[in-house]
Number of protein chains: 2
Amino acid sequence: MVVTDAAGPAAGHELPTGKTRDALRAAHLYYLQDLTMDAIAKELHTSRSSVSRLLSHARATGLVEISIHSPLDLPSRLEQEILERHEVSAHVVPVPDHASDVDRLERVALSAARILSRFIDSNQTIGVAWGSTMSAMSRHLAPKATHNSEIVQLNGAGNLRTTGILYASELLRRFGDAFGARVQQFPVPAFFDDPATKEAFWRERSTRRMLDLQASMDVAIFGIGSPFAEVPSHVYQGGYLERADYEALSRDGVVGDVATVFYRADGSTDGIALNSRATGPDFGILRRAPRRICVVSGQAKLPGLTGALAAGLVTDLIVDEGTARRLVEGSAVDGGNRAAD
Amino acid sequence: MVVTDAAGPAAGHELPTGKTRDALRAAHLYYLQDLTMDAIAKELHTSRSSVSRLLSHARATGLVEISIHSPLDLPSRLEQEILERHEVSAHVVPVPDHASDVDRLERVALSAARILSRFIDSNQTIGVAWGSTMSAMSRHLAPKATHNSEIVQLNGAGNLRTTGILYASELLRRFGDAFGARVQQFPVPAFFDDPATKEAFWRERSTRRMLDLQASMDVAIFGIGSPFAEVPSHVYQGGYLERADYEALSRDGVVGDVATVFYRADGSTDGIALNSRATGPDFGILRRAPRRICVVSGQAKLPGLTGALAAGLVTDLIVDEGTARRLVEGSAVDGGNRAAD
DNA sequence: TCTCCCCCTGCACGTTTGTTCATTCGGCTT
DNA sequence: AAGCCGAATGAACAAACGTGCAGGGGGAGA
């Protein structure tokens with residue numbers, strides 16, 4: 001046990017005594033050969049505990065990937081119906097109906113984080129929004145090694161009271177770490193006070209660079225904000241908006257936001273004043289990304305979700321079971337309406 | 001057992017009471033949400049034991065797939081070197097050096113069976129040989145649902161003493177079951193007594209059909225026979241060959257066989273008399289398959305393996321660590337020679 | 001309608017696994 | 001050179017898990 005970890009990054013050659021190497025071998029023995037940890041411990045000349053830890057490490061670090069395939073003939077009726085009705089590939093996360101909203105969010109985020117690795121690959125530009133959903137997700141990401149990928153922040157996070165920036169940058173960093181990607185922060189407030197300031201800022205070259213990046217995204221990942229739900233989203237309790245703003249949103253018939261860009265139940269955004277001060281990407285830009293992953297939990301977000309679907313913002317949807325059910329029930333009756341509650 | 005499984009193929013609608021459905025849900029909860037089996041039991045209104053069994057079922061039927069990714073920067077030095085030297089993508093199975101040959105075979109077969117599912121897909125013609133390695137493998141296949149695939153027997157299995165056919169057909173059936181594929185048996189002896197008989201047979205239309213199938217294989221899977229090893233392969237102890245045959249093989253400098261077609265250390269087959277009576281596919285035919293997976297365990301097969309590599313029979317190699325090491329050591333000195341023993 | 005048989009269930013036990021804790025080990029600073 | 005700090009280790013405990021077993025429910029066949 002002379003050279004505990006990575007063999008010789010200093011020396012720069014052989015000696016396969018790395019921790020990762022051991023973890024890899026342990027994983028082989030455990031998952032591919034069904035040995036008991038005990039047996040593996042003997043083969044590796046260490047204790048069972050260490051093997052347990054190695055395996056945890058292997059899982060946590062993405063050396064081991066566990067995926068679940070529906071036998072294509074029975075893709076949960078829900079997913080099937082969502083696909084047919086909304087042309088969106090859905091992943092329904094099973095959650096008991098009586099689960100609390102926090103539980104629900106946590107569990108959807110956990111599943112989403114694990115599912116996400118399928119979509120991430122090398123040489124991609126990955127747009128990431130922020131909010132409570134994204135934050136929960138970021139805490140559970142399954143690492144996956146990629147080269148030359150880039151995490152791009154979709155919308156600003158600064159506000160009046162808290163910096164918000166730390167919060168967002170921490171979140172972004174987690175994404176970056178998990179995929180070994182560069183992180184591009186977007187150091188602006190969530191909302192400008194004056195549209196003119198935004199426009200001025202948008203002409204800055206450094207801002208243009210960000211916007212160009214956003215326009216060439218391969219994947220976008222976002223949650224849904226629901227301004228009028230009982231459990232308000234992060235944006236709505238963080239001091240980003242003032243009472244007058246709310247009233248304006250209400251007047252405009254807004255049902256939700258994606259990356260702080262607001263929309264109505266039919267997906268339209270025209271004439272919503274607040275958007276001219278918001279820093280998130282125009283939906284036209286967003287829709288250029290071939291893959292747009294939306295993570296939703298809790299039926300409070302149902303109106304927001306149907307709106308986002310109507311706006312064509314989503315290609316892949318990760319949603320909890322209850323909400324998925326309501327979504328299908330709601331749209332069963334007629335085209336693209338929001339459900340009862 | 002009419003309705004035990006799939007919910008209502010009879011009734012033809014709802015009631016998601018299928019066992020597979022439950023297994024799927026349990027797997028989600030367990031592997032994607034990290035719930036304890038206990039918690040899952042409550043959500044499913046059943047006992048922990050049942051959940052444990054559901055999860056076993058899920059794994060055994062391939063609903064859950066566990067795969068291991070080397071972080072591309074450190075692909076076991078061995079695999080790397082084998083790739084460079086032989087242009088073959090290798091999977092080295094870790095096995096302690098002191099393991100017995102049976103252990104070793106069993107463990108390689110287990111790993112191979114699990115790795116195999118990566119290669120199998122829908123609409124494929126899959127050639128399968130037989131032998132102790134393939135047999136062990138067949139017992140551990142991880143099922144994977146495919147459509148319209150076909151398992152094709154590569155070489156006959158009949159012999160003088162035992163039928164051998166049952167053995168082979170059982171093996172083939174397991175492959176077929178695992179992948180939901182049709183099985184095409186090849187009902188001929190392993191070796192004809194008279195080359196002329198073989199030729200006659202080869203003109204039969206039913207035989208031609210088999211040969212055409214073989215010629216259009218997408219994947220071939222085979223082990224390596226080693227006629228002169230201390231632990232003889234199945235072919236060599238099953239009463240397929242007679243003393244005179246052995247002597248002929250020895251005289252011809254044969255080092256191994258693939259699907260009962262024999263070759264020398266340099267991969268050549270010309271002038272090996274026995275081949276004209278053998279029923280396996282000509283190497284020219286075999287090499288038409290874009291993917292040719294070879295499973296090898298035990299250094300007794302090293303000469304056979306190097307020969308097969310020299311003949312260009314292999315695109316993907318699954319091999320135990322010890323043998324892999326010797327392979328690399330052997331070929332380190334010069335081009336493509338067989339190793340010491 | 002009755003019976004048989006198979007398969008599924010939940011319990012109870014023994015095994016396997018995760019985790020806490022005290023300890024050691026190496027590296028780095030003072 | 002001594003000492004401190006974080007990381008890693010193995011022992012021991014507690015939780016989680018797998019499996020043999022007896023009981024029960026429900027179809028297929030008589």
Side-chain angles (χ1 to χ4, degrees), chain A residues 1-12 15-64 66 68 107 110 114 140 142 177, chain B residues 1-12 15-64 66 68 107 110 114 140 142 177:
Chain A
M1 105 198 30
V2 180
V3 186
T4 347
D5 201 343
L15 238 313
T17 323
K19 167 179 180 178
T20 300
R21 245 192 172 72
D22 282 348
L24 214 46
R25 173 173 271 253
H28 261 273
L29 297 174
Y30 191 76
Y31 289 108
L32 254 34
Q33 295 185 22
D34 290 342
L35 295 202
T36 159
M37 293 186 175
D38 216 286
I40 298 174
K42 274 176 209 138
E43 294 203 8
L44 295 194
H45 309 291
T46 180
S47 70
R48 312 120 211 247
S49 349
S50 296
V51 175
S52 172
R53 283 186 276 250
L54 275 181
L55 288 172
S56 296
H57 176 74
R59 284 186 302 260
T61 176
L63 293 183
V64 172
I66 301 184
I68 297 182
R107 290 174 61 165
L110 187 49
R114 306 242 163 121
H140 298 296
D177 286 356
Chain B
M1 147 204 339
V2 178
V3 188
T4 351
D5 202 339
L15 240 313
T17 323
K19 168 179 180 177
T20 301
R21 242 191 175 72
D22 283 348
L24 213 46
R25 173 174 271 255
H28 262 273
L29 298 174
Y30 192 76
Y31 289 109
L32 253 35
Q33 294 186 24
D34 290 342
L35 295 204
T36 155
M37 292 186 176
D38 216 285
I40 299 174
K42 273 175 211 140
E43 294 204 7
L44 295 193
H45 308 291
T46 180
S47 70
R48 314 132 206 230
S49 351
S50 296
V51 174
S52 171
R53 283 186 274 251
L54 275 181
L55 288 172
S56 296
H57 175 76
R59 285 185 302 259
T61 57
L63 293 183
V64 172
I66 301 182
I68 298 183
R107 291 174 61 165
L110 187 50
R114 306 242 163 121
H140 298 295
D177 286 356

> Identify whether any heavy atom of A:Thr46 sits under 4.0 Å from a base atom; if not, whether one sits that close to sugar-phosphate; answer base, sugar-phosphate or nothing.
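The answer is sugar-phosphate, as A:Thr46 gets under 4.0 Å only of primed atoms, P, OP1 or OP2.
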> State which of D:dG10, D:dG18, C:dG18 makes the closest approach to the side chain of A:Met37.
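Nucleotide nearest to A:Met37's side chain: C:dG18.
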> Can you measure A:Asp34 atom CG to C:dT16 atom P for me and round it to whole angstrom units?
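Rounding to the nearest Å, CG of A:Asp34 and P of C:dT16 are 13 Å apart.
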> Just how large is the angle between the end axes of the helix from C:dT1-D:dA30 to C:dT30-D:dA1, five pairs per end, to 10 degrees?
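Axis angle across the helix from C:dT1-D:dA30 to C:dT30-D:dA1, nearest 10°: 30°.
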> From CG of A:Leu54 over to P of C:dT17, roughly how many Å is that when rounded to an integer?
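One finds 14 Å between P of C:dT17 and CG of A:Leu54, rounded.
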> Mind calculating the distance between CD1 (B:Ile40) and C1' (D:dA15) to the nearest angstrom?
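Interatomic distance, CD1 of B:Ile40 to C1' of D:dA15: 15 Å.
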> Kindly say whether, by distance alone, the side chain of B:Arg53 makes a donor-acceptor pair under 3.5 Å with the base of D:dG20?
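Answer yes: a donor N or O sits under 3.5 Å from an acceptor.
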> With side chains defined as the heavy atoms from C-beta onward, is the minimum distance between B:Glu43 and B:Leu35 less than 4.5 Å?
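Heavy-atom side-chain distance check passes, below 4.5 Å.
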> In whole Å, I'd like the distance from the CG atom of B:Leu55 to the C1' atom of D:dT19.
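Rounded to whole Å, this separation is 15 Å.
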> Could you tell me how far apart B:Leu44 (CG) and C:dT9 (C1') are, to the nearest whole angstrom?
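Distance check: B:Leu44 CG to C:dT9 C1' gives 14 Å.
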> Looking at every non-hydrogen atom in both residues, tell me the closest pair between A:Met37 and A:Leu55 and how far apart they are.
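Closest approach of A:Met37 to A:Leu55, heavy atoms only: CE-CD1, 3.4 Å.
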> Mind listing the closest non-hydrogen atom pair of A:Ile40 and A:Ala26 along with its distance?
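Heavy-atom minimum between the residues: CD1-O, 3.8 Å.
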> Could you walk me through whether A:Ser47 and A:Ser50 pass the side-chain hydrogen bond (donor to acceptor under 3.5 Å, both in side chains) check?
CA-CA 5 Å; A:Ser47 70; A:Ser50 296; 3.2 Å; yes
> Does A:Ser50 place a side-chain N or O at less than 4.0 Å from the phosphate oxygens OP1/OP2 of D:dG10?
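So the side-chain polar atoms of A:Ser50 do come within 4.0 Å of the phosphate oxygens OP1 or OP2 of D:dG10, strictly under.
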> Just to confirm, is there a sub-4.0 Å distance from OP1 or OP2 of C:dC13 to any side-chain nitrogen or oxygen of B:Arg48?
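Looking at the OP1 and OP2 atoms of C:dC13, neither is under 4.0 Å from any side-chain N or O of B:Arg48.
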> For B:Ser49 and A:Leu35, take the nucleotide of DNA chain C holding the closest heavy atom to each; which residue's nucleotide lies nearer the 5' end?
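Counting from the 5' end, the first nearest nucleotide belongs to B:Ser49.
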> In whole Å, what is the span from the CG atom of A:Asp38 to the C1' atom of D:dC17?
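Rounded to whole Å, this separation is 15 Å.
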> Tell me whether the OP1 or OP2 atom of C:dG18 has a side-chain N or O from A:Ser52 closer than 4.0 Å.
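So the side chain of A:Ser52 is within the cut-off, an N or O lying under 4.0 Å from OP1 or OP2 of C:dG18.
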> Rounded to the nearest angstrom, tell me the gap between atom OH in B:Tyr31 and atom C1' in D:dC17.
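My rounded result for the distance is 11 Å.
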> Ignoring hydrogens and geometry, is there a side-chain-to-backbone donor-acceptor pair from A:Thr36 to A:Asp38 under 3.5 Å?
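Between the backbone of A:Asp38 and the side chain of A:Thr36 there is a qualifying donor-acceptor contact (under 3.5 Å).
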> Have a look at B:Asp34 and tell me which of A:Arg107, A:Arg114, A:His140 forms a side chain to side chain donor-acceptor pair (under 3.5 Å) with it.
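Of all the options given, the one that passes is A:Arg114.
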> Could you tell me how far apart A:Tyr30 (OH) and C:dG18 (C1') are, to the nearest whole angstrom?
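Spelled out: OH on A:Tyr30 to C1' on C:dG18 is 11 Å.
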> Indicate yes or no for a side-chain donor-acceptor contact from B:Thr46 to the backbone of B:Lys42 under 3.5 Å, with no hydrogens or angles considered.
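Not at all, since once roles are kept as given, no pair shorter than 3.5 Å links the two residues.
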